[in-house]
Chemist: 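Once you've had a glance at the structure underneath, I'll fire off some questions.
Because the structure is predicted, anything quoted here is derived from the model rather than measured.
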Amino acid sequence: MSKKQMLISCFENAMECNMSYVALMLKLENDHIELIVIPNESFNYKLKYYEDKYNDELQLKSFNEIEIINFTCCDTLEQIELDFFY
C-alpha cells in the first residue's frame with residue numbers, strides 16, 4: 001500500500017468513525033516542519049485536495065520538497081500531540 005493510500009485510509013477511517021480531526025505533519029523546504037489540523041467538517045474537501053495535489057509518496061506534485069511525513073486521525077488535540085511527539 002502506498003503512502004498516499006494509507007493517508008486516504010486514514011481519512012476514510014476518520015469519517016467512518018466520526019472522529020474530530022485528521023492531522024498532518026509536513027516537511028517544507030529547508031526541513032522546516034508544519035502541522036496541519038483538519039476538522040471533521042472539512043474531511044471530504046481536504047481528502048480530494050490531497051488526492052489531487054500529492055503523489056503516491058505524499059510529495060506535493062508541483063514542488064516535491066514539500067512532503068507529508070506523518071498523519072493521524074483522532075478526537076482530541078492532545079492525542080495529536082501524543083501521536084506526533086511521544
Side-chain angles (χ1 to χ4, degrees):
M1 180 181 295
S2 71
K3 291 178 183 180
K4 186 174 187 176
Q5 187 56 50
M6 288 188 291
L7 176 63
I8 292 167
S9 293
C10 179
F11 270 96
E12 290 172 344
N13 182 52
M15 287 184 271
E16 183 178 302
C17 296
N18 199 31
M19 295 185 140
S20 298
Y21 304 105
V22 169
L24 309 174
M25 183 180 286
L26 283 77
K27 182 179 67 114
L28 309 176
E29 57 186 322
N30 299 323
D31 290 328
H32 291 108
I33 299 295
E34 178 175 276
L35 183 65
I36 298 173
V37 178
I38 304 162
N40 180 290
E41 58 269 12
S42 299
F43 287 172
N44 285 319
Y45 167 77
K46 288 296 192 173
L47 175 56
K48 289 175 187 167
Y49 172 82
Y50 292 114
E51 285 178 314
D52 182 51
K53 301 296 183 186
Y54 283 76
N55 66 23
D56 285 342
E57 294 301 312
L58 295 180
Q59 297 167 322
L60 186 61
K61 291 177 181 177
S62 61
F63 187 68
N64 68 2
E65 287 188 41
I66 296 176
E67 177 182 9
I68 299 170
I69 58 173
N70 203 352
F71 50 87
T72 189
C73 55
C74 56
D75 282 318
T76 67
L77 297 174
E78 292 81 9
Q79 188 62 48
I80 294 169
E81 182 179 17
L82 292 171
D83 287 352
F84 284 164
F85 301 109
Y86 296 101

Chemist: Just so I know, are the side chains of M25 and F85 near enough to count as touching, which here means a heavy-atom distance under 4.5 Å?
Modeler: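 Yes; the side chains approach each other to less than 4.5 Å.
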
Chemist: With distance as the sole test, does N30 use its side chain to make a donor-acceptor pair with the main-chain N or O of H32 at under 3.5 Å?
Modeler: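 No; zero donor-acceptor contacts below 3.5 Å.
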
Chemist: Would you kindly confirm whether L77 and L35 end up in one hydrophobic cluster when ILVMFWY residues are joined by side chain heavy atoms under 4.5 Å apart?
Modeler: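 Yes, L77 connects to L35 through the hydrophobic network.
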
Chemist: For the side chain of D56 and the backbone of K4, is there at least one donor-acceptor N/O pair under 3.5 Å apart?
Modeler: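 Between the backbone of K4 and the side chain of D56 there is no qualifying donor-acceptor contact (under 3.5 Å).
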
Chemist: When clusters are formed by joining ILVMFWY residues with side-chain heavy atoms under 4.5 Å apart, either directly or through shared neighbours, do I36 and I33 land in the same one?
Modeler: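 They do not share one cluster, since no chain of ILVMFWY contacts under 4.5 Å joins I36 to I33.
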
Chemist: Minimum heavy-atom separation for M19 to N13, with atom names?
Modeler: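 Between these two residues, the closest heavy atoms are SD-ND2, 4.5 Å.
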
Chemist: Is there a continuous path of hydrophobic side-chain contacts, each under 4.5 Å between heavy atoms, that joins F71 to L47?
Modeler: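 Result: yes, single cluster for both.
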
Chemist: Any side-chain heavy-atom pair from L7 and L24 closer than 4.5 angstrom?
Modeler: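 The answer is yes; the side chains approach within 4.5 Å.
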
Chemist: Does a sphere of radius 6.0 Å around CD in E16 hold more than 12 heavy atoms from other residues, nucleotides or ligands, not counting ones at 6.0 Å or beyond?
Modeler: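 It does not: E16 CD has 12 such atoms or fewer within range.
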
Chemist: Can you tell me how far apart OH (Y54) and CD (Q59) are? Round to the nearest 0.5 Å.
Modeler: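 If we round to the nearest 0.5 Å, Y54:OH and Q59:CD are 10.5 Å apart.
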
Chemist: Hey, quick one: are M6 and Y49 part of the same hydrophobic cluster, counting side-chain heavy atoms closer than 4.5 Å, chains of contacts allowed?
Modeler: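 Cluster IDs for M6 and Y49 match.
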
Chemist: Is a donor on one side and an acceptor on the other found under 3.5 Å between the side chain of K46 and the backbone of I38?
Modeler: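 No; zero donor-acceptor contacts below 3.5 Å.
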
Chemist: Any chance you could lay out the side chain to side chain donor-acceptor pair (under 3.5 Å) test for Q79 and D75, step after step, and finish with the verdict?
Modeler: CA-CA 7 Å; Q79 188 62 48; D75 282 318; over 6 Å; no

Chemist: Are I69 and F84 side-chain neighbours, meaning at least one heavy-atom pair lies under 4.5 Å?
Modeler: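 A side-chain contact under 4.5 Å is absent here.
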
Chemist: Between A14 and F43, which heavy-atom pair has the shortest distance, and what is it?
Modeler: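 So the minimum-distance heavy-atom pair works out to CB-CE1, 3.6 Å.
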
Chemist: Supply the atom-to-atom distance T72 OG1 to E81 CD, rounded to the nearest 0.5 angstrom.
Modeler: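 Answer for the OG1-CD pair, T72 versus E81, is 13.0 Å.
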
Chemist: Can you check whether I8 reaches Y50 side chain to side chain, under 4.5 Å on heavy atoms?
Modeler: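 Sidechains of Y50 and I8: no contact.
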
Chemist: Give a yes or no on this: more than 12 heavy atoms of other residues, nucleotides or ligands lie within 6.0 Å of atom CZ of F63.
Modeler: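 Counting other residues, nucleotides and ligands, CZ of F63 exceeds 12 neighbours.
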
Chemist: Same cluster or not: L58 versus M1, using hydrophobic residues (I, L, V, M, F, W, Y) connected whenever any side-chain heavy atoms lie under 4.5 Å apart?
Modeler: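 The answer is yes; both residues are in one hydrophobic cluster.
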
Chemist: Calculate, to the nearest 0.5 Å, the distance between atoms CG and CD belonging to L28 and E67 respectively.
Modeler: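 Nearest 0.5 Å value for the CG-CD distance: 10.5 Å.
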
Chemist: Could you tell me whether the side chain of I66 reaches within less than 4.5 Å of the side chain of N64, counting heavy atoms only?
Modeler: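 Side chain of N64 against side chain of I66, heavy atoms only: no contact under 4.5 Å found.
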
